[in-house]
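My structure is below; once you've seen it, I'll send some questions.
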Amino acid sequence: MTDLTTLLEVGGPLAALGGGAAYTRAKYPAVYWSAVGGPISTARLLSSYSSVMEACGLTVAPSRLRVLAVKATTRREVRPVPPRRGLIRPTSTGLRIRLRLAPGQEPADVAASAERLRHAWGVHAVYVTTVKPGVVELRLVGYDVLRRVRMPRKTGSGFLEVPVALREDATPFVRDYRTVPHQLTLGATLSGKSMYLRHLVAGLARQPVALVGIDCKRGVELAPFAARLSALATDPDEAAELLPALVKEMEDRYDLIKARQGIAPGTPDEEITSDIWGLPEAERPCPVVLFVDEVAELFLTATRKDEERRDEMVTQLIRLAQLGRAAGIYLEVCGQRFGAELGKGATMLRAQLTGRVCHRVNDEASAKMALGDIAPEAVSAACAIAPELPGLAVAGDTSGGWSRIRTPYLSLGNAAEICRESAHLVPDLAALKPFRPAIPVRLVETPAPAVLPHPVTD
C-alpha cells in the first residue's frame with residue numbers, strides 16, 4: 001500500500017507535467033521550443049555531430065599531416081573529417097549554425113542531406129543557404145511556423161519594401177518593388193489572395209507612394225482603401241479611361257529623364273541616368289503602384305465594341321509592364337486564372353510579370369499558369385495546398401527559386417484604418433486627379449436616448 005501511494009504521489013505530478021508539455025507543444029509551439037525542444041535538439045546536435053555527418057556522407061579523408069599527428073600522439077583510429085562547425089545560435093523558431101566545408105565539398109552535398117539531418121536532430125525542417133565560398137549556414141526550424149504565423153519583430157524593410165508573409169524557414173517574405181517590379185498573384189476563392197493584397201496596400205500606405213487600383217468587382221476589394229488611393233476604377237469602362245492616363249504619365253516621366261540626359265560637356269557621370277532613381281530627389285516623381293484585382297474581368301468581352309476596348313486595355317497594360325519600371329510604375333496583377341484562354345495578349349502580359357505568387361487553385365492548369373514557366377517543380381507544391389490553410393502560397397521568381405509562404409491575418413477594418421491615417425501621404429499627381437475616389441464619410445454612432453420609466457397613474 002505504501003509503494004502504491006508513493007507511486008501515485010510521484011506519477012501524478014509527472015503526468016501533469018507531461019500533459020502540460022503536450023498542450024504547450026500543440027497550442028504554443030514557440031514556448032515549447034524555447035523551453036523544451038530547443039535544449040533537446042541542441043544536445044542531440046552536440047553529441048552526435050560527427051557520427052551524423054559521417055552517416056550522411058559529409059566527411060572527407062583526413063590530410064596526411066593530420067594522420068601523422070594522430071598516430072604520433074595517440075593510438076586511436078584516424079576518423080574521417082566532418083565540416084568544421086561554428087557556434088550554435090538559438091532563435092525563437094529554431095537554431096542557426098555555420099559550417100566550413102571540407103576541401104572537395106559543395107553546398108549541394110549538404111542540401112541533399114537536409115532531410116537526414118532533420119530526423120537525426122529532431123527538428124521540423126533544415127534549410128541550407130550559402131554564406132560565402134566554402135561556408136554554408138544551416139537553419140534548423142523547430143516547428144511548423146506556417147501553422148500559426150507570427151511575423152518577426154525585425155524585418156529590415158525599406159522604401160518600396162513590404163514584409164507581407166512568412167517563409168517556411170521562418171524568415172520574412174518581403175515584396176521588394178525595386179528588385180521585382182511586377183508580380184502576378186493567383187488564387188481561388190477563399191484562398192487568401194485578398195489578404196495578401198490587403199497587406200501590400202497597408203504596407204505601402206505608410207510610404208510616399210501613389211496607389212492606383214482597378215477593381216472590376218465594383219470596388220468591393222479596394223474601395224475600403226479609398227482614403228489612400230490616388231485613383232480607382234471599379235468597372236471596365238473606368239479602367240479604359242484610367243490606363244491611358246497612366247501611360248501618359250509614364251511617357252511624361254520618360255521625357256523628364258530624356259531632358260536630364262541632355263548630356264553637356266563636363267556633366268558628372270553620376271548625373272547621367274536612365275530611370276527616375278538617377279534623378280535628383282527634388283525632381284524625382286513619386287513611384288506609382290497599380291493594383292489590378294480580378295484581371296480576367298478586363299479580358300472578358302460580349303460584343304465587338306468590348307473586344308476593341310479589351311485590346312486597347314491589354315496593350316496599355318503590356319506597355320506599362322514593359323516600360324513602367326524605369327518610370328517608377330509597378331504592377332500588382334491578381335486573379336483566379338490567367339492564361340492564353342483569356343484572349344490575345346494575356347500570355348505576353350504574363351511574361352512581363354517577374355514575381356509569381358500562387359495560392360490554392362482549383363486545378364493543376366492554373367498552377368502551371370503561375371509557376372510552370374519559371375519553376376516547374378513548384379507546381380506540385382501549389383497543388384498540395386489544403387483548403388483549411390488560407391493564406392498559404394508558393395512564391396517564385398524568374399530565377400527559378402521558390403518557397404512556401406503564408407500571410408498573417410489582417411482584418412479589413414484595420415487595413416482601412418491604416419489607409420485613413422495615411423491619407424495625408426497621397427501625392428499630388430495631376431494626371432490622376434480626375435480618377436480620385438470619393439472618400440466615404442465615417443458614420444459616428446450616437447447612443448440612443450435613455451428611456452425613462454413613466455409613472456403609473458390611475
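Quantities reported herein were computed from a predicted structural model and do not represent experimental measurements. When a residue number appears, it is its place in the shown sequence, counting from 1.
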Exercise for the section: Give a yes or no answer on whether the side chain of R100 reaches the backbone of R84 with a donor-acceptor pair at less than 3.5 Å. Expected result: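 No; zero donor-acceptor contacts below 3.5 Å.
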Any chance you could lay out the salt bridge (Lys or Arg N to Asp or Glu O under 4.0 Å) test for K248 and E251, step after step, and finish with the verdict?
CA-CA 5 Å; K248 181 64 168 57; E251 293 173 348; 5.8 Å; no
Counting N and O atoms only, with roles assigned by atom type, does the side chain of R96 sit under 3.5 Å from a partner on the main chain of T91, one being a donor and the other an acceptor?
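No, R96 side chain to T91 backbone: no donor-acceptor pair under 3.5 Å.
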TODO: Apply the test side chain to side chain contact (heavy atoms under 4.5 Å, CB included) to residues H359 and L186: give CA-CA distance (whole Å), side-chain angles for both, the deciding distance (0.1 Å), then the verdict.
DONE: CA-CA 6 Å; H359 293 76; L186 293 186; over 6 Å; no
Within 6.0 Å of CG in L190, more than 12 heavy atoms from elsewhere:
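No.
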Q | Check: W33 and T93 side chains under 4.5 Å, non-hydrogen atoms | A |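 No, too far: nothing below the 4.5 Å cut-off.
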Review point. Between D215 and L222, is there a donor-acceptor pair closer than 3.5 Å when you use the side chain of the first and the backbone of the second?
Key: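 Confirmed, D215 side chain pairs with L222 backbone.
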Checklist entry - If every non-hydrogen atom of G355 is compared with every non-hydrogen atom of V180, which pair is closest and at what distance? => result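 G355 and V180 have their closest heavy atoms at N-CG1, 3.3 Å.
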- prompt: Under the 6.0 Å and 45° cation-pi test, does R175 pair with F173?
  reply: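 Because its charged atom misses either the 6.0 Å distance or the 45° angle limit, R175 does not stack over F173.
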Check: When rounded to the nearest 0.5 angstrom, what distance separates CG in L389 from OG in S191?
Finding: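 Rounded to the nearest 0.5 Å, the CG-OG separation comes out at 12.0 Å.
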For Y177, which of H182, E332, R325 qualifies under side chain to side chain donor-acceptor pair (under 3.5 Å)?
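It is E332, the one option of H182, E332, R325 that forms the side chain to side chain donor-acceptor pair (under 3.5 Å) with Y177.
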Inset, instruction - Please tell me if the side chains of L349 and L184 come closer than 4.5 Å, counting only heavy atoms from C-beta onward. - result: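 Heavy-atom side-chain distance check fails, nothing below 4.5 Å.
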Discussion item. Are there over 12 heavy-atom neighbours, none belonging to E364, within less than 6.0 Å of that residue's CD?
Written reply: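 Counting other residues, nucleotides and ligands, CD of E364 stays at 12 neighbours or fewer.
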Report the C-alpha distance between Y330 and L160 in whole Å, list the side-chain angles of each, state the deciding distance to 0.1 Å, and finish with yes or no for side chain to side chain contact (heavy atoms under 4.5 Å, CB included). CA-CA 10 Å; Y330 308 100; L160 286 176; 3.9 Å; yes
message = Please tell me whether S422 and R206 have a donor and an acceptor in their side chains that are separated by less than 3.5 angstrom.
response =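 The answer is no; no qualifying pair exists.
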Set of side-chain hydrogen bond (donor to acceptor under 3.5 Å, both in side chains) partners for E221, sequence neighbours left out:
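Here the qualifying residues are S194, K217.
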Do you know which two heavy atoms are closest between R404 and V394, and how far apart they sit?
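Shortest heavy-atom separation between R404 and V394 comes out as CG-CG2, 4.4 Å.
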Item checked: Atom pair CZ (R360) and OG1 (T189), whose distance is rounded to the nearest 0.5 Å ->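 These two atoms lie 8.0 Å from each other.
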Flag the pair D169 / S403 as yes when at least one side-chain heavy-atom distance between them is below 4.5 Å, and no otherwise.
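Contact flag for D169/S403 side chains = no.
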| task | Check whether any side-chain heavy atom of D109 lies under 4.5 Å from a side-chain heavy atom of L101, and answer yes or no. | result |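 Not touching, per the 4.5 Å side-chain cut-off.
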- Item | Heavy-atom donor-acceptor pair, R198 side chain to A415 backbone, under 3.5 Å |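 Answer holds: no.
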_Applying ring-ring contact (aromatic ring centres under 6.0 Å, His included), can you list everything that pairs with F225, at least two apart in sequence or on another chain?_
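None.
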- prompt: Is the closest side-chain heavy-atom distance between V247 and L320 below 4.5 Å?
  reply: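 V247 vs L320: side chains touch.
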- Message: Using a 3.5 Å distance criterion without hydrogens, assess whether the side chain of S48 forms a donor-acceptor pair with backbone atoms of R44.
- Response: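 Yes, because the side chain of S48 sits within donor-acceptor range (under 3.5 Å) of the backbone of R44.
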So L353 and Q183, do their side chains get closer than 4.5 Å, heavy atoms only?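 Heavy-atom side-chain distance check fails, nothing below 4.5 Å.
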Does R284 pair with E281 as a salt bridge, N-O distance under 4.0 Å?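 No, no charged N to carboxylate O under 4.0 Å.
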*Rounded to the nearest 0.5 Å, what's the gap from NZ on K193 to OG1 on T185? Could you check?*
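If we round to the nearest 0.5 Å, K193:NZ and T185:OG1 are 9.0 Å apart.
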Open item on the list: So which atom in G158 and which in Q207 form the shortest heavy-atom distance, rounded to 0.1 Å?
Closed with: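 So the minimum-distance heavy-atom pair works out to O-NE2, 3.6 Å.
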Distance-only donor-acceptor pairs under 3.5 Å for side chains of residues 371-386, two or more places apart:
from : atom 1 : to   : atom 2 : distance (Å)
D373 : OD1    : R356 : NH1    : 2.9
D373 : OD2    : R356 : NH1    : 3.4
D373 : OD2    : R356 : NH2    : 3.3
S380 : OG     : E377 : O      : 3.4

Heavy-atom donor-acceptor pair, Q105 side chain to L58 backbone, under 3.5 Å: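 Yes, the answer is positive, given that a donor and an acceptor are paired below the 3.5 Å cut-off.
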* Asked: Going through the distances and angles, do V212 and L232 end up as a side chain to side chain contact (heavy atoms under 4.5 Å, CB included)?
  -> CA-CA 6 Å; V212 179; L232 176 62; over 6 Å; no
- Message: Nearest 0.5 Å, please: how far is CD in Q352 from CG in L331?
- Response: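 Rounded to the nearest 0.5 Å, the CG-CD separation comes out at 10.0 Å.
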(message) Looking at every non-hydrogen atom in both residues, tell me the closest pair between L425 and A205 and how far apart they are.
(response)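 The pair with the smallest heavy-atom distance is CD1-O, 3.5 Å.
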Self-check item: Side chains of L200 and V289 in contact at under 4.5 Å (non-hydrogen atoms)
Solution: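 No; the side chains remain at least 4.5 Å from each other.
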Under a 3.5 Å distance rule, please check whether E54 uses its side chain to pair with a backbone N or O of T59 as donor and acceptor.
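Absent.
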* To do: Determine yes or no for a side-chain-to-main-chain donor-acceptor pair under 3.5 angstrom, with S411 supplying the side chain and N414 the backbone.
  =>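 At least one qualifying donor-acceptor pair exists.
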Show your working on side chain to side chain contact (heavy atoms under 4.5 Å, CB included) between D311 and K344 and close with a plain yes or no. CA-CA 8 Å; D311 293 343; K344 183 176 62 175; 4.0 Å; yes
**Asked** Going from CG on L95 to CG on L87, what distance comes out if it is rounded to the nearest 0.5 angstrom?
**Response**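 Going from CG on L95 over to CG on L87, the span is 12.5 Å.
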Exercise. Keeping the roles fixed (side chain from Y254, backbone from L323), state whether a donor-acceptor pair exists under 3.5 Å.
Key: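 Pair found, side chain donor or acceptor close to backbone of L323.
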* Asked: In this structure, which one of I405, T407, L166 forms a side chain to side chain contact (heavy atoms under 4.5 Å, CB included) with V149?
  ->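 It is L166; the other options fail the test.
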- Message: Restricting to non-hydrogen atoms, name the atom on A431 and the atom on E249 that form the minimum distance, rounded to 0.1 Å.
- Response: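 Heavy-atom minimum between the residues: CB-OE1, 3.7 Å.
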Atom of A231, atom of L242 and distance for their closest heavy-atom approach
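Closest approach of A231 to L242, heavy atoms only: CB-CD1, 3.8 Å.
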| Where the side chain of H199 meets the backbone of P408, is there a donor-acceptor pair that is under 3.5 Å apart? |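 Here the side-chain-to-backbone pair exists.
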Let me confirm one number: the CD1-CZ distance from I329 to R319, rounded to the nearest 0.5 Å.
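It comes to 10.5 Å.
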Check your understanding: Is any side-chain heavy atom of L429 closer than 4.5 Å to a side-chain heavy atom of P285?
Key ->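 Side chain of L429 against side chain of P285, heavy atoms only: no contact under 4.5 Å found.
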